[in-house]
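Just below is one structure, and these are the notes that go with it.
Below, chains carry the letters A, B, ... as their sequence lines are ordered, and counting in each starts from 1. Computed from heavy atoms alone, side chains included, the values below leave out hydrogens, waters and symmetry copies.
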Amino acid sequence: MTTFSDLGLSQKVLSAVTDAGYTIPTPIQEGAIPPALQRRDILGIAQTGTGKTASFVLPMLTLLEKGRARARMPRTLILEPTRELAAQVAENFEKYGKNHKLNVALLIGGVSFDEQDRKLERGADVLICTPGRLLDHCERGKLLMTGVEVLVIDEADRMLDMGFIPDIERIAKLIPFTRQTLFFSATMPPEIQKLADRFLQNPERIEVARPASTAITVTQRFVATHAKDYEKRSKLRDLVRAQEDLKNAIIFCNRKKDVADLFRSLDRHGFSVGALHGDMDQRSRMAMLANFKDGNIQLLVASDVAARGLDIPDVSHVFNFDVPIHAEDYVHRIGRTGRAGRSGAAFTLVTKRDTKFSDAIEKLIDKKVEWLDGDLASLPALVESDEREKPRRGRGRERGERDRSDRGERSERSAERDRGDRDRANSHKSDNRRDDNGKEAIVADRGSDAVKADRHNDTRPSQPVRNQRPANDDNRDRRSRYRRDEDDGPTPVGFGDDIPAFMLIAGKA
DNA sequence: AAAAAAC
């Protein structure tokens, strides 16, 4: 059997991999690492959760041991579609590069230029970027791309979806032709193939097959609901409370506004909840994700920014507050649970008008999803049937001291803060008119910083991260994130324990 | 019917 020590990685890298508890590489790692070390171009076709990130991080670390970075001339460049993914890759460099003295710079939007500039000035061995911020740095003339030896394009198909391809092409033009290019994509539609043909020279192609068996680890249910928002919120609360084995959950909404509204509603009802969407300020996003990973908050209301790629291990439940419009998004969302062979549950609220989307989902996953009717606690194998805790609508055990109607106008007018300026500018809704300050600002403030202690469960470790930090102190947050290099659960064998459920589902991409 | 990303 192949182990990491057979792949040609350096001693420093091997010892960090061993320390992290890994011995057996996943297929993508086994396939990509040796040719990458020989400076071949790579075309990797793999979903997130297959160990893809380590398949480029580990060989890059080995290659970077020769040579040094010069000021403003990064040696390698990694492009990621979202800020969170970029930060996650940076964490991987910290983890596996702990025996190296490499300068890793994370260039993402939403945070100040100053610190990023200082890192570039010192000379970056590794640059991890979202496209917009990288181009911004380039246009300021702060960055010379002529020294880049390795270019990584990650999640290429998602970059395409997000309209990043022109940016990617502009960036690639700045980088010498002699570079090594590592190109990853979950799928290979014709546009991506064309792009790969242009960017890669005689690449080694590694494709990780999607097993054709049905995922049995995720129990899926549709839940019929009325279309009114307050009915859906009430149904969701009942559903959440009925899950006796709910450890933590992501609740997906289709729109950012609904993320903000639902977050506020759940918060008012006393749940331990946070929110994550793309218009929140970056510090809140980072703090939120870290706190959710650390278990400081139990529920995360999120847009599809959290559907793919993010490495949040061991989510017990996924709730779709809205049926995703594109069936593939459903597969990505429920792929957040049932990982590593653990059992998980995925509930989707479906209104009458949603049925065409739920039909499309069943078609895609090639499987009928059972409807959960009546007793919300009657889930086989997940929840013992138990009527005791069945809450009456609109008044649960979490209500506690803050007993306020969910339908009140407060819910409509207090969502501003964590939505951000752009959304406000784009909104045709009438929110702004009622945007008074004072009390509302305080409510919104707590929300934007995102950490909610569980008010009725004192055993939960809850150290709320609130808005009290001085404005220029965001480094502390990041450093503490990077120090967390421990793994969850028992020592895994290889990276492949992390196969998301969607990979096990039969059906086409 | 959306979201993601630069200022």
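For the pair Leu106(A) CG and dA6(B) P, the computed distance is 10 Å after rounding to whole Å. Rounded to an integer number of Å, the gap from CZ of Phe357(A) to P of dA1(B) is 10 Å. For the pair Asp279(A) CG and dA3(B) P, the computed distance is 8 Å after rounding to whole Å. Regarding Lys352(A), its NZ atom lies at a distance of 19 Å from the C1' atom of dA1(B), rounded to whole Å. For the pair Asp281(A) CG and dA6(B) P, the computed distance is 14 Å after rounding to whole Å. Rounded to whole angstrom, the span from the CG atom of Leu160(A) across to the P atom of dA4(B) amounts to 18 Å. For the pair Arg333(A) CZ and dA4(B) P, the computed distance is 11 Å after rounding to whole Å. Rounded to a whole Å, the CD1 atom of Ile325(A) is 13 Å from the P atom of dA4(B).
Using a 4.0 Å heavy-atom cutoff across all strands shown, Arg353(A) reaches at least one base atom of the nucleic acid. Residue contacts shown for Asp161(A) include a base, since a base heavy atom lies under 4.0 Å away. At the heavy-atom level, Gly110(A) lies under 4.0 Å from the strands shown only through sugar-phosphate atoms. Looking at heavy-atom distances under 4.0 Å, Asn254(A) makes contact with sugar-phosphate atoms alone, never a base. Across all strands, Asp258(A) comes closer than 4.0 Å to no nucleic acid atom at all (heavy-atom distances).
Among the nucleotides dA5(B), dA6(B), dA2(B), the one closest to any side-chain atom of Asp329(A) is dA2(B). Comparing dA5(B), dA4(B), dA1(B) against the side chain of Val305(A) picks out dA4(B) as the nearest. If you check dA4(B), dA5(B), dA1(B) against the side chain of His277(A), the one that comes closest is dA4(B).
In terms of phosphate contacts, Ser303(A) brings a side-chain nitrogen or oxygen within less than 4.0 Å of OP1 or OP2 of dA4(B). The phosphate of dA6(B) has OP1 or OP2 within less than 4.0 Å of a side-chain N or O from Arg83(A). The shortest distance between the side-chain N/O atoms of Lys256(A) and the OP1/OP2 oxygens of dA4(B) is below 4.0 Å. In this structure, Arg170(A) does not reach the dA6(B) phosphate: none of its side-chain N or O atoms is under 4.0 Å from OP1 or OP2. Between Thr130(A) and dA6(B), a side-chain N or O to OP1/OP2 separation shorter than 4.0 Å is present.
No more than 12 heavy atoms of other residues, nucleotides or ligands shown are found within 6.0 angstrom of CZ on Arg353(A).
Side-chain atoms of His326(A) and base atoms of dA2(B) include a donor and an acceptor less than 3.5 Å apart.
Looking at Ile78(A), Thr76(A), Ile42(A) one by one, the single match for side-chain contact (heavy atoms from CB on, under 4.5 Å) with Phe56(A) turns out to be Ile78(A).
Qualifying salt bridge (charged side-chain N to carboxylate O under 4.0 Å, His left out) partners for Arg333(A), counting only residues two or more places apart in sequence or in other chains: Asp304(A).
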Do any side-chain atoms of residues 122-131 of chain A form donor-acceptor pairs under 3.5 angstrom with protein atoms, and if so which ones, sequence neighbours left out?
from: Asp125(A); atom 1: OD1; to: Arg75(A); atom 2: NH1; distance (Å): 2.9
from: Asp125(A); atom 1: OD2; to: Asn103(A); atom 2: N; distance (Å): 2.8

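The aromatic rings of Phe183(A) and Phe199(A) sit perpendicular, their planes meeting at an angle over 60°, well past the 30° parallel limit.
Between Lys232(A) and Asp322(A), at least one side-chain N (NZ, or NE/NH1/NH2) sits under 4.0 Å from a carboxylate O, which counts as a salt bridge.
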